[in-house]
Amino acid sequence: MSRTTRASKVLNTVFAPAGRGREDPMNAWAKASAQVERDAGTQDREFADGLGVVISSIAAEPRLTPLGWTFVLGSIKDRYANRLRINRLLVEHPEIADEPIADPVFVLGLPRTATTLAHRVLAASPAHRGPLMWEMSHTGLEDAAVAAREIKKLNQGSQLVTGLFAPGLKHMHPSRAEHPEESMMLLPHGTFWSLLHGSVPAYRGWYARRSAEDLAGDYAYLKRGLQVLQHGRERKRWIVKYPGHLNDMAAIQEVFPDATFVWTHRDPATVLGSTCSLVETMWSMYQKDPDPTEVGQLVLDTMVTWVNTALESRLSMPPSAIVDVPYHRLSADPHTEVPRLYAAIGAKWTADDEAQLEQVLARPAGTRPHQYDMGRYGLHPDHVEESFASYLRLLNTFDVLDAKPQAEM
């Protein structure tokens with residue numbers, strides 16, 4: 001069944017002239033990035049060149065639509081503008097670089113394993129802070145007027161997307177501009193580009209050839225973004241979340257040596273179909289009728305790489321740096337498990353935290369449980385089990401595989 005909506009088909013006709021820019025993507029990006037630089041009064045060519053690799057790789061996707069090209073070019077322009085904004089603030093306020101990002105928590109794990117739930121309950125504490133969606137899109141110093149403007153703009157954009165182009169998204173990953181969101185929004189590079197837009201083999205090859213120093217540089221930029229957001233505001237413990245941090249634990253520890261990793265766990269055979277469904281929905285905003293089999297292979301390859309890299313990384317880390325959170329325990333008994341999670345990261349669980357827990361756990365209004373079928377994506381349970389053999393051995397120590405399936409939260 002096609003996930004390309006009727007509205008997308010109509011607008012792709014309207015945007016057909018604009019879509020011709022993909023025929024010469026580097027020229028289109030040269031013009032777009034020059035405009036961003038003129039508006040900012042500065043430039044960062046190394047950063048812009050990296051984004052150019054993203055642009056050219058997405059432009060090569062055979063199913064990319066005119067509307068998808070327009071969305072991609074606009075979002076990458078915004079990411080470059082945010083980079084120049086952060087760079088400018090660091091020049092104007094060099095003391096920002098001295099802001100301590102102390103004891104941050106990185107929530108990670110395969111998608112659909114309750115990373116969002118763990119992030120939500122940890123970030124809800126008055127002593128903690130999760131970077132908000134709008135803050136990572138428009139990173140700056142405290143300004144109420146800017147906050148109101150950016151929140152309104154992003155929420156209107158999200159409503160447009162879920163209303164016209166990807167109606168299933170609000171059930172799979174409900175989000176609001178004023179709520180904590182995934183830190184990939186403050187990273188220049190990562191496998192998220194393929195999970196969001198298409199298989200982009202050229203970009204994935206380029207990304208795989210980058211050095212450990214390059215990867216650490218990405219997280220140094222994330223740190224600078226957090227320092228900007230912290231400057232002039234009350235200092236709180238940062239709670240950062242993105243499933244793909246699994247692949248980067250060593251780089252994160254290099255940049256944030258006192259980081260704690262909260263790793264959520266669930267049987268891959270349970271989560272893979274859900275992840276594929278989410279990825280297919282994301283691709284459908286940019287592509288005409290994404291190929292489910294292509295989605296399945298990319299998701300499987302990406303997830304196996306993430307967990308195998310993470311398993312290797314954890315061997316060199318002290319046990320105290322990693323808190324393992326089985327999905328079924330957190331979802332089945334949050335009133336017991338959330339206080340335990342707080343204790344495990346060295347945080348205080350208060351009566352106020354307990355009082356607001358039900359509100360934090362509540363499913364957003366208007367959403368429904370996510371439905372999916374792994375078979376649609378050409379994936380078989382036996383092949384999944386074989387691919388995740390190393391990870392399954394770890395899961396057995398948490399009794400994850402013996403748990404009854406739970407509804408997604």
Side-chain angles (χ1 to χ4, degrees), residues 7 11 15 18 31-44 47-48 51 67 70-93 95-96 99 116 119-120 123-124 126 128-166 169-170 173-188 192 196 221-236 238-242 282 285 364-366:
L11 287 173
F15 278 82
K31 293 178 180 178
S33 60
Q35 179 187 337
V36 172
E37 292 163 357
R38 285 194 299 271
D39 293 343
T42 185
Q43 64 177 355
D44 187 332
F47 193 88
L51 292 179
L67 188 61
T70 303
F71 284 163
V72 166
L73 190 60
S75 66
I76 293 181
K77 281 177 62 179
D78 289 344
R79 196 166 290 232
Y80 185 35
N82 199 49
R83 168 73 168 210
L84 298 184
R85 183 181 303 110
I86 290 173
N87 287 354
R88 185 181 68 249
L89 286 170
L90 286 164
V91 171
E92 295 172 351
H93 305 275
E95 67 275 14
I96 289 175
E99 287 284 346
T116 297
H119 188 217
R120 190 187 305 157
H128 298 164
R129 182 178 176 191
L132 310 181
M133 177 194 287
W134 82 265
E135 293 178 321
M136 291 185 286
S137 175
H138 191 99
T139 307
L141 303 182
E142 190 166 19
D143 186 320
V146 170
R149 182 194 71 208
E150 294 299 316
I151 288 170
K152 180 179 180 180
K153 181 178 73 174
L154 283 175
N155 280 337
Q156 288 177 339
S158 294
Q159 289 171 3
L160 182 67
V161 166
T162 57
L164 294 179
F165 309 125
L169 190 58
K170 66 181 178 182
H173 186 76
S175 60
R176 296 281 301 177
E178 64 272 31
H179 293 170
E181 192 46 81
E182 295 187 348
S183 52
M184 67 178 182
M185 295 183 67
L186 258 179
L187 287 172
F192 54 82
L196 292 176
Y221 173 50
L222 172 63
K223 181 178 180 179
R224 289 197 292 275
L226 297 179
Q227 288 173 318
V228 169
L229 293 176
Q230 182 171 282
H231 188 65
R233 300 172 170 101
E234 180 184 359
R235 289 179 181 172
K236 299 184 178 184
W238 285 101
I239 311 295
V240 179
K241 173 248 180 177
Y242 170 51
M282 296 300 301
M285 292 191 290

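Quick caveat, the model's predicted, so the values are computed rather than measured. Numbers here are sequence positions counted from 1.
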Exercise. Apply the test side-chain contact (heavy atoms from CB on, under 4.5 Å) to residues Asn155 and Glu178: give CA-CA distance (whole Å), side-chain angles for both, the deciding distance (0.1 Å), then the verdict.
Key: CA-CA 9 Å; Asn155 280 337; Glu178 64 272 31; 3.0 Å; yes
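- The two residues Ile239 and Pro131 make their nearest non-hydrogen contact at O-CD, 3.4 Å.
- To the nearest 0.5 angstrom, Ile96 atom CD1 is 12.5 Å from Leu226 atom CG.
- The line from CE of Met184 to NZ of Lys241 is 8.5 Å long, rounded to the nearest 0.5 Å.
- Interatomic distance, OG1 of Thr139 versus CD1 of Ile86, reported as 4.0 Å (0.5 Å rounding).
- Every side-chain contact (heavy atoms from CB on, under 4.5 Å) that His179 has, sequence neighbours left out, goes to Arg176.
- The shortest heavy-atom contact between His119 and Gly130 is NE2-CA, 4.3 Å.
- Taking Ser137 as the reference, Leu154, Met185 meet the side-chain contact (heavy atoms from CB on, under 4.5 Å) condition, with sequence neighbours excluded.
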Practice problem: In sequence, state the C-alpha distance, the side-chain angles, and the governing distance for Leu51 and Arg83, and then conclude on side-chain contact (heavy atoms from CB on, under 4.5 Å). | Solution: CA-CA 11 Å; Leu51 292 179; Arg83 168 73 168 210; over 6 Å; no
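- The line from CZ of Phe47 to CG of Asn82 is 8.0 Å long, rounded to the nearest 0.5 Å.
- Under the side-chain contact (heavy atoms from CB on, under 4.5 Å) criterion, Lys236 pairs with Arg129, Glu234, not counting sequence neighbours.
- The shortest non-hydrogen separation linking Pro180 to Leu132 is N-CD2, 3.6 Å.
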Considering only distance and modelled atom types, tabulate donor-acceptor pairs under 3.5 Å from the side chains of residues 144-152, sequence neighbours left out.
{"unit_1": "Glu150", "atom_1": "OE1", "unit_2": "Lys153", "atom_2": "NZ", "d": "3.3"}

Exercise. Please assess Val228 against Arg224 for the test side-chain contact (heavy atoms from CB on, under 4.5 Å), listing each intermediate value before the final yes or no.
Key: CA-CA 6 Å; Val228 169; Arg224 289 197 292 275; 5.6 Å; no
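- Ser183 approaches Tyr242 most closely through the heavy-atom pair OG-CB, 3.6 Å.
- Taking CZ of Arg88 as the reference point, atom CG of Asp44 lies at 13.0 Å (rounded to 0.5 Å).
- By the side-chain contact (heavy atoms from CB on, under 4.5 Å) test, Glu99 is found to be paired with Gln227, Gln230, His231, Arg235, residues two or more places apart in sequence or in another chain being considered.
- The closest side-chain heavy-atom distance from Glu181 to Trp134 is not below 4.5 Å.
- If you take CD on Glu182 and CG on Leu187, they are separated by 11.0 Å, rounding to the nearest 0.5 Å.
- Note on residues 71-82: no pairs pass salt bridge (charged side-chain N to carboxylate O under 4.0 Å, His left out), not counting sequence neighbours.
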